[in-house]
Student: 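Before we start, here is the structure in question, set down as structure tokens.
Start at 1 with the first residue, then count along the sequence. In listed order, ligands and their atoms are each counted from 1.
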Amino acid sequence: MLYPFSVLEPYLDRSVDRTPFQLFHPSVEDMVKAEKIFCSSPSHRIEYYTSAERMEHAPTLQQPEVCFIGRSNVGKSSLIRALFALTPEVKVRVSKTPGHTKKMNFYRVGRAFTMVDMPGYGYKAPKDFVEMVTPYLYTRKNLVRTFLLVDGGVGLQDSDLDAMEMCEDIRHPYVIVVTKIDKCGPGALLTNLLTLQNVVKTQTSCCFPQLFLVSSLHFQGIYLQRCFMCHLTGSVRLTDTCQT
Ligand SMILES: Nc1nc2c(ncn2[C@@H]2O[C@H](COP(=O)(O)OP(=O)(O)OP(=O)(O)O)[C@@H](O)[C@H]2O)c(=O)[nH]1
Ligand SMILES: [Mg+2]
């Protein structure tokens, strides 16, 4: 549950370097601190804030922001819903039909940070992506990290490479989250992971070198993801000497 990669590790050949898969390794104490940030209270309200169809309608916010991009149906809204599982009153809509999220949806995590769910790319939605997400990525001042989601069973697609190239062009820090790891067998998942790992290593300079594995359905990797997000936004100061 905490480190989904550890389940896959026995399937890996001994010659494969494990280091890039576990760079961010917070203590349990850090994870507990992050869990608290994801609990809503009267003085720390977690809530849907607003939606925007164009960059000019996006709210001006000072607090750090993270956003979620990826192909339609990859599981962006589901991941946000899983991250907010401790506050089920925050409704995040997901759908089997690709192209469901049509606006940029802003969610506030108290005064700690904002999370933005984006329309997907790759299927029926390139227009939304080009008109909304691209200007957002190019101009959003308080954006501290983009989470680029890739389906673990499908692997890297051309449209993902285009999105990565855009982040590289802007020189904007991003991190790859591998989704739906419950849906495919370890063999297919590992093959896709190693390909991804190789692309990150050889073709990127702004991508965080660790891939984060999640299943929003079974909550695998969600605790680590919460902690990483709190760390990136400065909401949790890590107690130990893990690398980021
Ligand atoms: N098995 C499994 N299914 C998932 C997981 N995450 C999402 N799904 C399913 O994938 C479908 C799409 O999920 P969404 O979260 O709506 O995908 P999205 O990326 O927000 O899609 P758009 O808004 O269309 O861009 C839904 O049927 C989800 O239930 C997961 O971790 N495991
Ligand atoms: Mg969505």
Student: Does any N or O atom in V74 lie less than 3.5 angstrom from one in ligand 1, N or O only?
Tutor: yes
Student: Is ligand 1 under 4.0 Å from a heavy atom in the side chain of D117, in the backbone, in both, or in neither?
Tutor: neither
Student: Closest by any non-hydrogen atom to atom 23 (O) of ligand 1: pick that one out of I69, D182, T101.
Tutor: T101
Student: Could you give the distance from SG (C67) to CG (N105), rounded to the nearest 0.5 Å?
Tutor: 12.5 Å
Student: Has S77 got an N, O or S atom lying less than 2.8 Å from the Mg ion (ligand 2)?
Tutor: yes
Student: Can a donor-acceptor pair be found between the side chains of N192 and T195 at a distance below 3.5 Å?
Tutor: no
Student: Looking only at non-hydrogen atoms, find the nearest pair between Q197 and P20 and report the distance.
Tutor: NE2-CB, 3.5 Å
Student: Taking 4.0 Å as the limit for heavy-atom contacts, which would you say applies to P98 with ligand 1: side chain only, backbone only, both, or neither?
Tutor: backbone
Student: When you look at CG of D158, are more than 12 heavy atoms from neighbouring residues, nucleotides or ligands closer to it than 6.0 Å?
Tutor: no
Student: List ligand 1 atoms under 4.0 Å from S77, heavy atoms only on the residue side.
Tutor: 15 (O), 20 (O)
Student: Quick check on contacts: which atoms of ligand 1 are under 4.0 angstrom from a heavy atom of S215?
Tutor: 31 (O)
Student: When you compare ligand 1 with P119, is there at least one nitrogen or oxygen pair between them that comes in under 3.5 angstrom?
Tutor: no
Student: Nearest 0.5 Å, please: how far is CZ in R54 from NZ in K103?
Tutor: 10.5 Å
Student: Which protein heavy atom lies closest to atom 21 (O) of ligand 1, and at what distance to 0.1 Å?
Tutor: N73 N, 2.9 Å
Student: Mind checking the CG-CD1 spacing from L83 to I37? Nearest 0.5 Å is all I need.
Tutor: 13.5 Å
Student: To check your reading of the model: name the closest protein heavy atom to atom 17 (O) of ligand 1, its residue, and the distance in Å.
Tutor: G75 N, 3.3 Å
Student: Check S95 against ligand 1 and report side chain, backbone, both or neither, counting heavy atoms closer than 4.0 Å.
Tutor: backbone
Student: Is the distance from the Mg ion (ligand 2) to the nearest N/O/S atom of T101 under 2.8 Å?
Tutor: yes
Student: Just need the protein heavy atom nearest to atom 18 (P) of ligand 1, so name the residue and atom and give the distance.
Tutor: K76 N, 3.5 Å
Student: Please say which of Q225, M118, M115 ends up in a side chain to side chain contact (heavy atoms under 4.5 Å, CB included) with F147.
Tutor: Q225
Student: At a 4.0 Å threshold, what atoms of ligand 1 neighbour a non-hydrogen atom of S216?
Tutor: 30 (C), 31 (O)
Student: Hey, could you give me the CZ/NE2 distance between F38 and H44, rounded to the nearest 0.5 Å?
Tutor: 8.0 Å
Student: Answer with yes or no whether the hydrophobic clustering places Y3 together with V32; edges join I, L, V, M, F, W, Y residues whose side-chain heavy atoms lie under 4.5 Å apart.
Tutor: no
Student: Can you see whether N142 engages R140 through a side-chain donor-acceptor pair at a distance of less than 3.5 angstrom?
Tutor: yes
Student: Relative to the heavy atoms of G120, which atoms of ligand 1 are at a distance of less than 4.0 Å?
Tutor: 25 (O)
Student: Using distance alone, determine whether G99 and ligand 1 share an N or O pair under 3.5 Å.
Tutor: yes
Student: Would you indicate which of H100, K180, R81, K96 comes nearest to atom 27 (O) of ligand 1 when only heavy atoms are counted?
Tutor: K96
Student: Please step through ring-ring contact (aromatic ring centres under 6.0 Å, His included) for the pair F24 and F208, ending with a clear verdict.
Tutor: CA-CA 10 Å; F24 181 69; F208 187 67; 7.4 Å; no
Student: Could you tell me which atoms of ligand 1, counted from 1 in the order shown, lie closer than 4.0 angstrom to a heavy atom of V94?
Tutor: 15 (O), 16 (O)
Student: Taking it one step at a time, do T146 and H172 satisfy side chain to side chain donor-acceptor pair (under 3.5 Å)?
Tutor: CA-CA 8 Å; T146 293; H172 170 66; 2.7 Å; yes
Student: List every atom of ligand 1 that sits less than 4.0 Å from any heavy atom of L217, numbering the atoms from 1 in the order shown and giving each element.
Tutor: 1 (N), 2 (C), 30 (C), 31 (O), 32 (N)
Student: Looking only at heavy atoms of G70, does any of them come nearer than 4.0 Å to an atom of ligand 1?
Tutor: no
Student: Indicate, as side chain, backbone, both or neither, the part of K183 found under 4.0 angstrom from ligand 1 when only non-hydrogen atoms are considered.
Tutor: side chain
Student: What's the spacing between F84 CZ and C39 SG if we round to 0.5 Å?
Tutor: 12.0 Å
Student: Give me the residue, atom name and distance of the protein heavy atom closest to atom 29 (O) of ligand 1.
Tutor: S78 OG, 4.4 Å
